Amino acid sequence: MALVVQKFGGSSVADAERIRAVADRVARSRRAGDEVVVVVSAMGKTTDGLIRLADDVSSVQPGREIDMLLTSGERISMALVCMALAELGVEAESFTGSQAGILTDTDHTKAKILEITPRRLQEALARGVVPVVAGFQGVSTTNDITTLGRGGSDTTAVALAAALCADRCEIYTDVSGVFSTDPRIVREARRLDSVSFEEMMEIAATGGKVLALRSVEFARNHHVPLYVCSSFTWEPGTWVTEEDPSMEQPVVSAVTCVASQGKVTILGVPDQPGVAAKLFRALADELVNVDTIVQNTSTEGLTDISFTVSHSEIEISRAAAERLAPQIGASSVVIDDEIAQVSIIGGGMKTHPGVTAQMFEALAADEINIELISTSPIRISCVVRADQAERAVQVLHHAFSLERG
Ligand code: ASP
Ligand code: MG
């Protein structure tokens with residue numbers, strides 16, 4: 001008998017029929033002899049709807065109240081899933097994040113999990129009851145309701161799987177797994193049978209939407225095997241697990257894309273110790289997640305620093321950079337909000353020379369200009385014009401023959 005955490009995303013609980021289908025799947029797992037803990041997202045686009053509602057009501061939106069509002073979405077799903085399970089004769093009880101023992105810090109709208117004491121879930125399991133937990137939420141050290149950031153239900157599921165020492169965490173979604181790239185951009189994109197935690201982290205960090213980055217990080221740190229699959233079909237999915245040292249890793253597994261990003265450039269920055277530290281401290285204090293950073297070699301003691309941020313953080317980054325520029329003696333700040341980032345990812349890159357050259361040649365052959373480059377041992381990312389991003393993804397997918405696997 002295995003203990004399995006099953007997480008169902010928004011599209012998997014989008015309406016009454018989908019909710020009954022979820023209950024059916026949970027009931028089958030139970031009949032097969034597994035113990036199941038269910039984690040649910042809000043129905044369909046409920047969270048987006050609640051955010052729009054808040055925007056209609058007020059331009060002043062304290063984080064505490066946003067969190068109180070948004071967590072209601074998951075409460076709806078969990079209660080309905082329990083009712084659907086009851087109808088199938090499966091005893092189930094719903095738990096909010098707080099009731100499930102998920103303790104977070106006080107950073108509203110992007111709280112981090114500090115500790116999990118899933119005592120009530122364990123009690124429910126011991127009684128033969130299926131616990132159904134509201135994803136994406138917890139309770140803070142000051143007893144306020146918090147959310148874990150958009151897409152946070154994945155993190156709830158993985159964190160609970162770790163805390164309960166589950167055998168695996170199954171993530172049910174509307175696609176049948178992790179793909180070599182977005183099938184809407186490349187029709188021949190393939191589902192991957194397995195990817196390593198490292199590859200999945202890079203995929204999630206560079207635009208792959210199947211799993212939230214933090215959930216993968218959590219899974220890696222706590223050795224929780226993930227299985228991503230569709231709740232709409234019975235097709236096989238993708239395993240996300242520890243790298244198998246006996247197997248050769250694919251050189252390139254996936255191509256990802258962040259379709260719209262912003263680039264902030266600070267011109268004429270004095271090339272002295274401490275200047276970059278001040279700038280990035282100011283951004284960190286605003287909780288801006290800086291992506292690629294590039295600093296030019298200096299001429300006459302002055303340099304330019306560019307960094308990229310997600311589209312939603314352009315304005316806050318601009319404000320911080322403009323505030324800081326005069327303080328550090330920089331001349332001006334320039335914003336470019338029409339860039340995108342394309343990346344190739346593959347665990348085998350570590351041991352294969354020439355991948356970078358092949359990537360750049362493929363882009364060059366299609367007249368796609370590269371504006372910034374960043375790398376990790378298993379990833380190469382290029383910033384390109386936003387209107388060339390899709391083309392770049394297609395070109396790279398083909399250049400590395402990912403349609404053939
Ligand atoms: N409902 C939340 C969101 O839309 C959390 C989730 O779906 O994982 O971001
Ligand atoms: Mg979701």
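Counting convention: from 1, in listed order, for ligands and their atoms alike. Bear in mind that the values here come from a model prediction, so they are computed numbers and not experimental data. Values below: all heavy atoms of this structure, side chains included; hydrogens, waters and symmetry mates excluded.
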Nitrogen or oxygen of Asp154 less than 3.5 angstrom from that of ligand 1: no
Test item, Lys45 contacting ligand 1 (heavy atom, 4.0 angstrom): no
Under-4.0 Å salt bridge between Glu93 and Arg127: yes
Residues that Thr46 engages under side chain to side chain donor-acceptor pair (under 3.5 Å), provided they are two or more places apart: none
Short side-chain donor-acceptor distance under 3.5 Å, Arg404 and Ser401: yes
Which of the ligand 1 atoms, numbered from 1, are nearer than 4.0 Å to a heavy atom of Arg150: 3 (C), 4 (O), 9 (O)
Nearest option to atom 7 (O) of ligand 1, as decided by whichever heavy atom of Ser77, Gly73, Gly44, Ser41 sits closest: Ser41
Identity of the nearest option to atom 8 (O) of ligand 1, non-hydrogen atoms only, from Gly135, Ala157, Ser153, Gly9: Ser153
Whether Tyr227 and Trp239 hold their rings parallel, tilted or perpendicular, with breakpoints at 30° and 60°: tilted
Close side-chain approach of Ile345 to Val252, heavy-atom, < 4.5 Å: no
Atom indices of ligand 1, in the order listed, that fall short of 4.0 Å to a heavy atom of Gly151: 3 (C), 5 (C), 6 (C), 8 (O), 9 (O)
Results of salt bridge (charged side-chain N to carboxylate O under 4.0 Å, His left out) for Arg20 - residues two or more places apart only: none
Test of proximity, Phe136 against ligand 1: N or O pairs below 3.5 Å: no
